[in-house]
Amino acid sequence: MSTVRATNITCPHCGRTNRVPVAAEGRPRCGHCKQPLPWMVDAGDDDFTEVAERADVPVVVDLWATWCGPCRMVSPALEKVATDLAGRIKLVKVDIDKNPQLSQRFEVQAVPTLLVLDQGETVARQAGAAPAPALRQWVEQSITAREGRSG
């Protein structure tokens, strides 16, 4: 691919819009105020390895479906967690109906299914929706446990 896929993310600190690549090294920062940006992208069967598994930061994967009510409820909660933990995690959303290989690979039996990946390895898994505070606690515990193992 000659063009780098990117997404536009509004900085929660200064309100400026930033163009952030879906796959990159490091952690995105606002070009204006230099604060960490929430990193929220979509991925699929074709680019999941590059977007999620090669990330430098822990990745929260949201395996969801358009027809799923709980998925629509959990999406804003996950975006809040990604914003709260900007610079510490990357949120990758995968539509399971459009990406059957990933659905099969991760043995998705209920949606939403949430994963925390560290360098491609699943370190935590949870099925079903939860409010933002519970999701944030789950994500923080998952990445703290990982940091404890690697350090």
- Quick one: side chain to side chain donor-acceptor pair (under 3.5 Å) partners of Arg54, sequence neighbours excluded? none

- Task: Would you name the heavy atoms of Leu63 and Val111 that are closest together and state the gap between them?
- Result: O-CG1, 3.7 Å

- Task: Show the numbers, then the answer: is there a salt bridge (Lys or Arg N to Asp or Glu O under 4.0 Å) between Asp56 and Lys90?
- Result: CA-CA 9 Å; Asp56 294 352; Lys90 179 177 186 178; over 6 Å; no

- With rounding to the nearest 0.5 Å, note down the distance linking CG in Asp47 to CZ in Arg5. 4.5 Å

- Should Ile96 and Leu102 count as side-chain neighbours, where that means a heavy-atom distance under 4.5 Å? no

Expected list for residues 66-77: side-chain donor-acceptor pairs under 3.5 angstrom, two or more places apart:
unit_1, atom_1, unit_2, atom_2, d
Trp67, NE1, Asp97, OD2, 2.7
Arg72, NH1, Thr66, O, 2.7
Ser75, OG, Lys93, NZ, 3.0

- Is there a side-chain contact between Cys11 and Cys33 (heavy atoms, below 4.5 Å)? yes

- Does one hydrophobic cluster hold both Met40 and Val116, with members joined at side-chain heavy-atom distances below 4.5 Å? yes

- Query: What residue pairs, at least two apart or across chains, pass ring-ring contact (aromatic ring centres under 6.0 Å, His included) with a residue in residues 78-134?
  - Reply: Phe48-Phe106

- Query: About how many Å separate OG1 of Thr83 and CG of Leu37, when rounded to the nearest 0.5 Å?
  - Reply: 9.5 Å

- CG/Asn18 to OG1/Thr7 distance, rounded to the nearest 0.5 angstrom? 11.0 Å

- By side chain to side chain donor-acceptor pair (under 3.5 Å) - contacts of His32 (at least two apart): Arg16

- Output the distance between atom CD (Gln137) and atom OG (Ser142), rounded to the nearest 0.5 Å. 10.0 Å

- Taking the side chain as every heavy atom from C-beta outward, state whether Pro12 and Pro38 have any pair of such atoms under 4.5 Å apart. yes

- Query: Where do Gln126 and Leu135 land on the side chain to side chain contact (heavy atoms under 4.5 Å, CB included) test, with the steps shown first?
  - Reply: CA-CA 10 Å; Gln126 171 177 309; Leu135 289 171; 3.6 Å; yes

- Determine whether Leu114 and Val61 make a side-chain contact, defined as any pair of heavy atoms from C-beta on separated by less than 4.5 Å. no

- Task: Quick one: which residue pairs count as a salt bridge (charged side-chain N to carboxylate O under 4.0 Å, His left out) with a foot in residues 101-114, not counting sequence neighbours?
- Result: Glu53-Arg105

- Query: What ring-ring contact (aromatic ring centres under 6.0 Å, His included) pairs are there with at least one residue in residues 116-140, not counting sequence neighbours?
  - Reply: none

- Mind checking whether Val60 and Leu78 have side chains closer than 4.5 Å, heavy atoms only? yes

- Pairs meeting criterion ring-ring contact (aromatic ring centres under 6.0 Å, His included) with involvement of residues 70-100, two or more places apart: none

- Do side-chain atoms of Asn99 reach the backbone of Asp95 as a donor and acceptor pair under 3.5 angstrom? yes

- d(Glu79 CD, Ile9 CD1) to nearest 0.5 Å is 10.0 Å

- Item | Residue pairs fulfilling side-chain hydrogen bond (donor to acceptor under 3.5 Å, both in side chains) with at least one residue in residues 33-46, sequence neighbours excluded | none

- Message: Is there a continuous path of hydrophobic side-chain contacts, each under 4.5 Å between heavy atoms, that joins Val92 to Trp64?
- Response: no

- Item | side-chain contact (heavy atoms from CB on, under 4.5 Å) partners of Thr17, counting only residues at least two apart | Asn8, Thr10

- Message: So Leu91 and Val41, do their side chains get closer than 4.5 Å, heavy atoms only?
- Response: no

- Which atom names give the shortest non-hydrogen contact between Ala55 and Val59, and what distance separates them? CB-CG2, 3.5 Å

- Any salt bridge (charged side-chain N to carboxylate O under 4.0 Å, His left out) pairs touching residues 123-143, not counting sequence neighbours? Asp84-Arg136, Arg88-Glu140, Arg136-Glu140

- Point-to-point distance, once rounded to the nearest 0.5 Å, from CG of Asp62 to OG1 of Thr113: 9.0 Å

